[in-house]
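Remember, predicted model here, so these are calculated numbers, not experimental data.
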Amino acid sequence: MSQATGSSIFDREDRLERLNNFLGGFVKSMGLRYVRAEPEEIVAELEIAPHLLQPYGLVHGGVYCSIIESVCSAGAALHVMAEGKNAVGLENTTTFLRAARSGTLRCTAKPLKIGRRTHVWNADIHDDEDRPIASGRVRMMILDPGDRAGGREVRIEDP
């Protein structure tokens with residue numbers, strides 16, 4: 001399994017508050033809220049709202065992909081933040097298992113592989129009745145301080 005880095009955000013009592021405050025524009029606008037943040041498990045919830053539905057009244061598939069990407073990325077980022085590093089997504093494979101229209105979605109992500117340059121995390125989304133809704137795997141690249149993407153240094157930006 002994986003191993004958390006030495007002194008990290010996981011050592012702080014307020015890690016959930018910090019993680020929820022870390023949310024940027026897109027993820028925040030979805031309504032994602034982290035409820036558990038441990039080195040081996042990140043859990044977030046999302047209340048289904050009208051702006052997340054496609055024309056048939058079902059949760060849009062992109063929402064599931066976005067939840068999985070966000071929760072896995074948060075887990076990887078939390079593992080490397082204490083070293084001044086960042087994590088960015090390289091690959092997201094999401095499988096839709098069941099449609100949802102209302103209620104709360106709960107995503108649980110766990111590391112499959114914690115490496116020096118890449119992380120791989122698995123995630124599962126369940127509904128209020130604990131039925132599987134979607135499942136996915138995200139591969140992230142770990143960036144050193146000062147690394148660039150999109151022409152600029154990668155770092156957390158103020159909203």
- Determine yes or no for a side-chain-to-main-chain donor-acceptor pair under 3.5 angstrom, with His79 supplying the side chain and Pro39 the backbone. yes

- Message: Show every salt bridge (charged side-chain N to carboxylate O under 4.0 Å, His left out) that has at least one partner inside residues 42-55, sequence neighbours left out.
- Response: Arg33-Glu45, Glu45-Arg106

- Could you pull out the closest heavy-atom pair between Ala100 and Ile133, with the gap in Å? CB-CD1, 4.4 Å

- Query: Do you know which two heavy atoms are closest between Leu58 and Ala99, and how far apart they sit?
  - Reply: CD2-CB, 3.8 Å

- Item | Pairing residues for Arg148 by the salt bridge (Lys or Arg N to Asp or Glu O under 4.0 Å) criterion, not counting sequence neighbours | none

- Task: Could you walk me through whether Met30 and Ile67 pass side-chain contact (heavy atoms from CB on, under 4.5 Å), step by step?
- Result: CA-CA 9 Å; Met30 269 197 320; Ile67 293 170; 4.3 Å; yes

- Task: Keeping to residues at least two apart or across chains, list the side-chain hydrogen bond (donor to acceptor under 3.5 Å, both in side chains) pairs with something in residues 129-146.
- Result: Glu91-Arg139, Arg117-Asp144, Asn122-Arg137, Asp124-Ser135, Asp127-Arg131

- Task: Taking the side chain as every heavy atom from C-beta outward, state whether Ile48 and Leu105 have any atom pair closer than 4.5 Å.
- Result: yes

- Message: Just to verify, what does Ala87 make a side chain to side chain contact (heavy atoms under 4.5 Å, CB included) with, not counting sequence neighbours?
- Response: Ala76, Ala77, Met140, Ile142

- Query: Is there side-chain contact between Val63 and Leu53, with heavy atoms separated by less than 4.5 Å?
  - Reply: no

- Message: Are the side chains of Val138 and Thr93 in contact, using a 4.5 Å heavy-atom criterion?
- Response: no

- Query: How about Trp121 and Ile68: do any of their side-chain heavy atoms sit closer than 4.5 Å?
  - Reply: no

- Item | Shortest non-hydrogen contact from Ile114 toward Pro111 | CD1-CB, 3.5 Å

- Message: Could you work out, with side chain to side chain contact (heavy atoms under 4.5 Å, CB included) as the rule, every residue matching Pro145, not counting sequence neighbours?
- Response: Lys85

- With sequence neighbours excluded, what pairs up with Asp128 under the salt bridge (Lys or Arg N to Asp or Glu O under 4.0 Å) test? none

- Task: For residues 49-75, pull every pair meeting side-chain hydrogen bond (donor to acceptor under 3.5 Å, both in side chains), keeping only residues two or more places apart or in separate chains.
- Result: Glu69-Asn92

- Query: Would you say the side chain of Val120 lies within less than 4.5 Å of the side chain of Leu112, judging by non-hydrogen atoms?
  - Reply: yes

- What pairs with Arg36 under salt bridge (Lys or Arg N to Asp or Glu O under 4.0 Å), at least two apart in sequence or on another chain? Glu41

- Message: Could you see if Ile125 belongs to whatever hydrophobic cluster contains Val43? Use Ile, Leu, Val, Met, Phe, Trp, Tyr and a side-chain cutoff under 4.5 Å.
- Response: no

- Contact check, side chains of Leu46 and Thr104, non-hydrogen atoms, under 4.5 Å: no

- Spatial distance of atom CG (Leu90) from atom NE2 (His119) [nearest 0.5 Å]: 11.5 Å

- Looking only at heavy atoms, the pair that brings Phe96 and Gly61 closest together is CE2-O, 3.4 Å

